[in-house]
Amino acid sequence: MKLVPYIDEWAKSGEIIAGIDEAGRGPVLGPMVYGIAWCRLKDADLSDTGVADSKTLTDEKRRSILKDNIIPRRDLIGWGIDVLHPQLISTGMLALDKYNLNELSHDSAIGLIKHLLDNDVKLSRVYLDTVGPAEKYEDKLNKLFPTIEIIVRSKADSLYPIVSAASICAKVSRDILVEKWRFIEGSFKDQWGSGYPSDPTTKSWIRGVSNPCFAFPNFVRFSWSTVEELIKELCWTATWQDTIIGSPKRKRTKLHQQQDENNMSMLNFLTPSQNQPTHCAIMKDLKIQSVLF
């Protein structure tokens, strides 16, 4: 979900630079948020805003900079965010054709750049913190945006003020989203600690909100190994019958083909009457079938 509050006219002329950074890549709880900030090339130092790498600032200082030095300064700086819901992260990483966190991060950054270009922002240069090998990421972006100078660096948020601004926007936005999170599954205490998988308080909170059938609220990233282990320990085991072997509607990939071959090799041990797909009683009663989109 992209949120770009405004794009002022000054960004549609002259040389504009942008910085992109994320917040919330490591936690097992909550969304990951990508932030983008842009300004004129001549204002690149952002000297009167007080921006710095968000990780070196206190929460209070970050919020103060965003509230007092970024949001009101529409004449100087623009900003926006892309919110990646934990359910989106889980679904992508657990899919048969995995959509890993690096690809998700790349696509978020690409989407933010495209959003500015689609709104006639005259981008001449974009700075990004690296996700994966810096050279490979930079080459990928250069091919997508040949008219823009792309600079990918490790710890870019500590090197370039415009990336620091993006980092602050992302971090404060994520913190507020986590604080104000509305659980659709019910009411839960918000004492989840840091949200990182190594935090005992976080682990304890995840255990406390577990459900043997549905596992956890969608605030939790199911694809993290910590959560996968808790699912094995705390939740019921389900066996699913694959009824779509060889389906023409199925997108064919090497992974799918290998899965089909494995399934068929197992089915060869059964008699013709045994190797027909079967369903549990509730699926039969409700006439539920597997569906592919």
Side-chain angles (χ1 to χ4, degrees), residues 1-4 17-38 51-57 62 79-95 97-117 121 123-175 177-178 194-198 221-227:
M1 180 187 73
K2 291 181 180 60
L3 173 62
V4 180
I17 64 169
I20 296 176
D21 198 18
E22 55 77 24
R25 181 181 174 88
V28 67
L29 302 177
M32 181 165 71
V33 177
Y34 257 78
I36 185 168
W38 61 92
V51 300
D53 176 8
S54 67
K55 300 179 187 66
T56 67
L57 302 172
R62 283 192 297 266
W79 67 284
I81 58 171
D82 185 20
V83 180
L84 307 179
H85 195 285
Q87 191 171 19
L88 172 67
I89 297 171
S90 300
T91 302
M93 294 181 67
L94 295 174
D97 296 319
K98 292 187 183 297
Y99 185 27
N100 66 44
L101 202 59
N102 280 3
E103 293 173 312
L104 192 63
S105 298
H106 288 182
D107 287 347
S108 179
I110 290 166
L112 287 168
I113 295 171
K114 285 183 175 178
H115 184 82
L116 294 193
L117 293 177
V121 174
L123 280 177
S124 61
R125 187 182 305 162
V126 178
Y127 301 95
L128 305 96
D129 200 8
T130 187
V131 177
E135 290 184 7
K136 187 175 180 180
Y137 187 22
E138 189 171 285
D139 183 57
K140 177 180 181 178
L141 294 174
N142 275 319
K143 289 177 180 177
L144 288 171
F145 307 107
T147 63
I148 301 173
E149 182 183 1
I150 302 293
I151 298 174
V152 177
R153 296 288 185 273
S154 177
K155 302 186 184 301
D157 47 355
S158 63
L159 299 174
Y160 308 106
I162 196 64
V163 183
S164 300
S167 178
I168 289 170
C169 294
K171 177 63 175 170
V172 174
S173 297
R174 176 183 143 79
D175 287 347
L177 284 167
V178 169
S194 68
Y196 281 87
S198 59
R221 301 181 187 177
F222 283 55
S223 49
W224 262 230
S225 59
T226 302
V227 177

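Fair warning: this is a prediction, and the values are worked out from it, not measured in the lab. FYI, the numbering just counts along the sequence from 1.
Separation of atoms CD1 (I81) and CD1 (I36) is listed at 12.0 Å; rounding is to 0.5 Å. Separation of atoms CE (M32) and CG (D82) is listed at 9.0 Å; rounding is to 0.5 Å. In this structure, NZ in K171 is found 12.0 Å from CD1 in I168, a value given to the nearest 0.5 Å. A distance of 8.0 Å separates CD1 of I20 from CD1 of I150, quoted to the nearest 0.5 Å. A distance of 5.0 Å separates CD1 of I110 from CG of L144, quoted to the nearest 0.5 Å. To the nearest 0.5 angstrom, L117 atom CG is 6.0 Å from F145 atom CZ.
Residues P197 and T226 come closest through the heavy atom pair CB-OG1, 3.3 Å. The two atoms that bring I162 and Y127 nearest to each other are CG2-CD1, 3.8 Å, heavy atoms only. Between F222 and S90, the shortest heavy-atom contact is N-OG, 2.9 Å. The shortest non-hydrogen separation linking I17 to S124 is CG2-OG, 4.2 Å. Looking at every heavy atom in both residues, I89 comes nearest to S223 through O-OG, 4.0 Å. Shown here for L159 and R153, the closest heavy-atom pair between the two residues is CD1-CB, 4.1 Å.
Listed for the S164 side chain is no donor-acceptor partner under 3.5 Å among the backbone atoms of S158. Counting only distance, with no hydrogens or angles, the side chain of S105 and the backbone of L101 share a donor-acceptor pair below 3.5 Å. For the pair D129 (side chain) and K155 (backbone), a donor-acceptor distance under 3.5 Å is present. Checked by atom type and distance alone, the side chain of D139 never pairs as donor or acceptor with a backbone atom of E135 at under 3.5 Å. Using modelled atom types, no side-chain atom of W79 and backbone atom of A170 make a donor-acceptor pair closer than 3.5 Å. No donor-acceptor pair closer than 3.5 Å links the side chain of S108 to the backbone N or O of L104. At least one donor-acceptor pair under 3.5 Å links the side chain of R62 to the backbone N or O of L57. R221 places a side-chain N or O within donor-acceptor distance of the main-chain N or O of P31, the cut-off being under 3.5 Å.
Atom NZ of K2 is surrounded by more than 12 heavy atoms from other residues, nucleotides or ligands within 6.0 Å.
Between V126 and L116 the shortest side-chain heavy-atom distance does not fall below 4.5 Å.
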Stepwise side chain to side chain donor-acceptor pair (under 3.5 Å) check, H106 with K140: CA-CA 9 Å; H106 288 182; K140 177 180 181 178; 3.1 Å; yes
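Between E22 and R174 no salt bridge is recorded (no basic side-chain N to carboxylate O distance below 4.0 Å).
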